[in-house]
Amino acid sequence: MKFYLCIDDTDNLDSIGTGTIAEQIQEKIINQGYGPCSLVTRHQLFIHEDIPYTSHNSSMCFYGEAPDDSMTAIIDLAADHLDNVAAEGSDPGLCVLAFDQRHHYDQLIEFGINAKKKVLSKSDAILCAKNNNLHLSEHGGTGQGIIGALAGVGLRLFGCDGEIKGALKNTVINQTYSVSELKKLPELHQVLDLSTKEPLADSTIINMCNRTKTVLYQHHYVLFVKKDESDHYATISKSEIRKLGGHFYE
Amino acid sequence: MNDPAQLAIDQWEKGHAIALNCSEFKPDVEEEWLAEETISCYNCRYRRFVGSGIRCMKSLFPDF
């Protein structure tokens with residue numbers, strides 16, 4: 001069985017990040033003999049004064065493989081972990097989906113996309129979770145994190161949203177790499193030209209000229225690049241990726 | 001950007017300069033860094049993204 005797990009709103013200004021907690025849950029799942037699991041993706045949600053968030057309003061999601069009868073164990077494990085480590089003053093939410101390939105998740109995906117541009121309510125999330133047979137639970141505070149947790153699963157299913165956590169940490173800024181070298185990294189499947197969305201040949205040289213990330217695009221981990229003034233391919237900065245937002249994937 | 005309590009989303013040099021002299025600067029987790037310079041208000045744990053920029057949760061942005 002394929003499952004998706006997402007958490008949101010687990011932190012405060014001084015605590016460990018939600019992404020780290022997601023990786024801790026993943027490690028526990030693997031230690032129980034389940035897995036493998038995907039890398040964690042960070043999904044940026046709507047920034048609005050009516051939405052309570054700590055500093056950036058993002059949720060963290062991954063998927064994995066596990067036996068059909070392990071869903072309850074995975075949910076309990078993740079819930080216990082959240083109860084133990086979530087920061088004081090946070091409003092954590094947990095969402096777990098046991099993926100059913102016969103089911104159409106259009107409503108869930110739409111919920112995720114809407115959470116990037118609209119203020120949604122807990123009752124919206126509870127209804128959507130019920131309609132799509134997802135586990136959704138609150139773990140303290142207002143439990144507002146269930147909105148982002150559900151949205152994160154929707155966006156991961158959508159397959160065209162989110163930065164890969166920890167991606168490209170070991171590449172050196174201002175160094176050049178061939179596409180084939182970059183494709184050896186687990187967090188990178190393809191290097192695409194941002195304007196054409198075409199994959200670049202393995203021999204193409206890329207200048208890693210800034211702090212950048214791979215992103216989820218059509219269910220692949222993709223590094224988007226563009227040509228610089230001297231007609232060489234260069235990475236685009238994280239701030240540019242964030243600025244492009246939803247338009248990044250059009 | 002006229003709000004003195006905010007930095008616009010791309011005031012990179014200013015964010016770097018303020019953080020270099022800030023006693024409360026503490027880097028956020030790496031996945032939340034946005035500026036190229038590690039020491040920057042944009043990478044600080046105590047910044048909060050708002051509609052058009054960032055606010056300092058320690059209220060330490062100087063008067064511009």
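Each chain gets a letter, A, B and so on, in the order its sequence line appears, and its residues count up from 1.
- For a residue to count as touching a neighbouring chain, one of its non-hydrogen atoms must lie under 4.5 Å from one of that chain's; by this rule A/His56 touches chain B with backbone and side chain alike.
- Residue-environment remark: NZ (A/Lys226) stays at or below the threshold of 12 foreign heavy atoms within 6.0 Å.
- The environment of CG in A/Asn174 is crowded: more than 12 heavy-atom neighbours from other residues, nucleotides or ligands sit within 6.0 Å.
- Contacts of B/Trp12 with chain A are made by side-chain atoms alone, with heavy-atom separations under 4.5 Å and no backbone atom involved.
- Taking chain B as the reference chain and counting heavy-atom pairs below 4.5 Å, the highest number among A/Glu49, A/Lys165, A/Lys213 is found for A/Lys165.
- The distance from the NZ atom of A/Lys243 to the CG atom of B/Asp10 is 5.0 Å, given to the nearest 0.5 Å.
- Considering all non-hydrogen atoms of both residues, B/Phe49 and A/Ile47 come closest at O-CG2, 3.7 Å.
- Taking all atoms of both residues into account, the shortest heavy-atom contact from B/Glu31 to A/Glu163 is O-OE1, 4.2 Å.
- No more than 12 heavy-atom neighbours from other residues, nucleotides or ligands sit within 6.0 angstrom of CD on B/Glu13.
- When atom types are taken as modelled, the side chain of B/Glu36 and the backbone of A/Arg211 share a donor-acceptor pair closer than 3.5 angstrom.
- For chain B, no part of A/Leu168 is nearby; none of its heavy atoms comes within less than 4.5 Å.
- Interatomic distance, CG of A/Leu13 versus NZ of B/Lys58, reported as 7.5 Å (0.5 Å rounding).
- One distance of note links OG of A/Ser55 with CE of B/Met57; it measures 8.5 Å at 0.5 Å rounding.
- Of the atoms belonging to A/Ser58, it is side-chain heavy atoms, and not backbone ones, that fall under 4.5 Å from chain B.
- Heavy atoms closer than 4.5 Å to chain B are found in the backbone of A/Ser15, but not in its side chain.
- More than 12 heavy atoms of other residues, nucleotides or ligands lie within 6.0 Å of CD in A/Gln175, so this atom counts as buried by the packing criterion.
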